[in-house]
Amino acid sequence: MRVLFAGTPAVAVPSLDALVQAGFDVVAVLTRPDAPIGRKRVLTPSPVAARAAELGIEIIHAAKVDAGVTARIAAAAPDVAAIVAYGGLIPRAALNVPRHGWINLHFSLLPAWRGAAPVQRALIAGDDVTGAVTFLLEEGLDTGPVFGTLTESVRPDDTAGSLLERLSHSGAVLLSQTLSAVDAGKAAAVPQAGDVSLAPKLTLDDGRLDWRQPALAIGRQARGVTPEPGAWTTLDGQRVKLEPVLLRPQAPALQPGRLALDGKGVLVGTGSHPVELTRIQPSGKKMMTAADWARGQATLESVVFE
């Protein structure tokens, strides 16, 4: 079966590899254009584009699927399109090109967390279980009928990065299995059922920690925004980046945002019990352990995160 693969970030690469290894004829890859990376803003291919180049697969770079891009997709004559985190809408004209349609691997248990940041939003909300589905792409936002589902338990120390890493590999197997079933004429998609929730793309503001919130909510938020856009707070008007915090329910109470040493740990007060900082990156400096940072403060008890 001839497959067009659409994807952009690193979490989509295992799916591309799985389809190639399963023997599908991946005739072309649709991915976002090269983007400036790093302080020097060097134009860099997407992870999917880089892998497709290694595999010798034709690459269609497009920020938007317009008539010209749709014509290139049609010229590749795919039987089906597989899409994993491409990062753009697929219009009706392009959806109609493959005879089996577009099959999307989405990292949530639809209809929960429809949108661009399902894993991040699930962690912030405190979900105990998440997963991935394959579904038939429609013009609506992640509304199509579902082919297959897998579940994944959320671990206490999971970040969005670690959870997405696991789901990218298990989801790649699910996608390959779904396409095999479609090729054999044995795939059956069923309508989504259950409560709908939305997972819009995270912004920088989603990473700002509000120390008046309960410790549990702060811990979930910090894990959900790691690695991107990252958790942060302000100190003396400067943004300070933080890695996920540890819950310390037995520690003495502190006012929200107030800092204190507890043994070798650096505690911050919240709306409930304190949390312990793990690593911190002050403005203009490198990421360091909280203990190393604390040693550079004249009087830690006078420090207040805002």
Side-chain angles (χ1 to χ4, degrees), residues 1-66 68-91 94 97-98 102-108 115-120 132 134 137 159-180 201-202 225-230 287:
M1 184 162 66
R2 295 171 62 84
V3 179
L4 170 82
F5 184 83
T8 298
V11 293
V13 173
S15 288
L16 174 58
D17 284 340
L19 297 184
V20 171
Q21 291 165 10
F24 290 102
D25 183 10
V26 181
V27 293
V29 160
L30 171 66
T31 191
R32 304 279 291 183
D34 295 358
I37 300 295
R39 291 185 178 181
K40 295 185 178 180
R41 313 300 288 166
V42 177
L43 277 179
T44 305
S46 74
V48 166
R51 182 60 179 143
E54 292 173 352
L55 295 168
I57 300 172
E58 177 189 356
I59 302 171
I60 303 172
H61 292 96
K64 180 181 179 181
V65 180
D66 55 18
V69 173
T70 300
R72 291 191 64 185
I73 293 171
D79 298 308
V80 69
I83 180 168
V84 186
Y86 162 62
L89 297 176
I90 309 300
V97 170
W102 292 62
I103 296 176
N104 194 162
L105 172 65
H106 183 78
F107 299 117
S108 82
V119 171
Q120 295 89 333
T134 48
L137 197 64
T159 64
S162 65
L163 187 50
L164 266 171
E165 174 67 15
R166 294 203 306 278
L167 287 171
S168 72
H169 292 280
S170 57
V173 176
L174 176 64
L175 181 62
S176 180
Q177 292 172 339
T178 299
L179 264 61
S180 293
K201 183 179 179 179
L202 296 179
V225 299
T226 299
E228 294 291 340
M287 187 68 74

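Only a predicted model underlies this, so the values are computations on that prediction, with no experimental measurement involved.
Counting all heavy atoms, side chain and backbone alike, Val27 lies closest to Leu4 at CG2-N, 4.4 Å. Of all heavy-atom pairs spanning Ala22 and Ser176, the tightest one is CB-OG, 3.4 Å. Counting all heavy atoms, side chain and backbone alike, Val48 lies closest to Ala12 at CG2-CB, 3.7 Å. For the pair Ala85 and Val11, the tightest heavy-atom approach, listed with the atom from each and the gap, is CB-CG2, 4.5 Å. Closest heavy-atom contact between Ala49 and Ile59: O-CD1, 3.4 Å. Nearest heavy-atom pair across Ala77 and Arg2 is O-NE, 3.0 Å.
A distance of 4.0 Å separates CD1 of Ile73 from CH2 of Trp102, quoted to the nearest 0.5 Å. Separation of atoms OG (Ser108) and CD (Gln120) is listed at 11.0 Å; rounding is to 0.5 Å. In this structure, Leu179 CG and Asp79 CG are separated by 10.0 Å, a value rounded to the nearest 0.5 Å. Residue Leu19 holds its CG atom at 11.0 Å from CG of Leu55, rounded to the nearest 0.5 Å. For the atom pair OG (Ser168) and CD (Glu165), the distance works out to 4.5 Å, reported to the nearest 0.5 Å. Remark: His106 NE2 to Leu167 CG distance equals 10.5 Å, nearest 0.5 Å.
Proximity of Val173 to His169: side-chain heavy atoms (C-beta onward) are nowhere separated by under 4.5 Å. Contact check for Val84 versus Phe107: side-chain heavy atoms found under the 4.5 Å cut-off. Side chains of Leu175 and Thr134 form a contact here, defined as non-hydrogen atoms less than 4.5 Å apart. Using a 4.5 Å cut-off on side-chain heavy atoms (C-beta onward), Leu16 and Val26 make contact. Contact check for Val3 versus Pro78: no side-chain heavy atoms found under the 4.5 Å cut-off. Val29 has its side chain out of reach of Ile60: every pair of non-hydrogen atoms, C-beta onward, lies at least 4.5 Å apart. With contacts defined as side-chain heavy-atom distances shorter than 4.5 Å, the pair Val65/Tyr86 qualifies. Between Arg51 and Asp17, the closest side-chain pair of non-hydrogen atoms falls below 4.5 Å.
A side-chain donor from one of Thr31 and Ser46 sits under 3.5 Å from a side-chain acceptor of the other.
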Review point. Passes side chain to side chain contact (heavy atoms under 4.5 Å, CB included), Val119 versus Leu164? Steps please.
Key: CA-CA 7 Å; Val119 171; Leu164 266 171; 3.7 Å; yes

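Asp34 contributes no side-chain N or O that, together with a main-chain N or O of Leu43, makes up a donor-acceptor pair within less than 3.5 Å.
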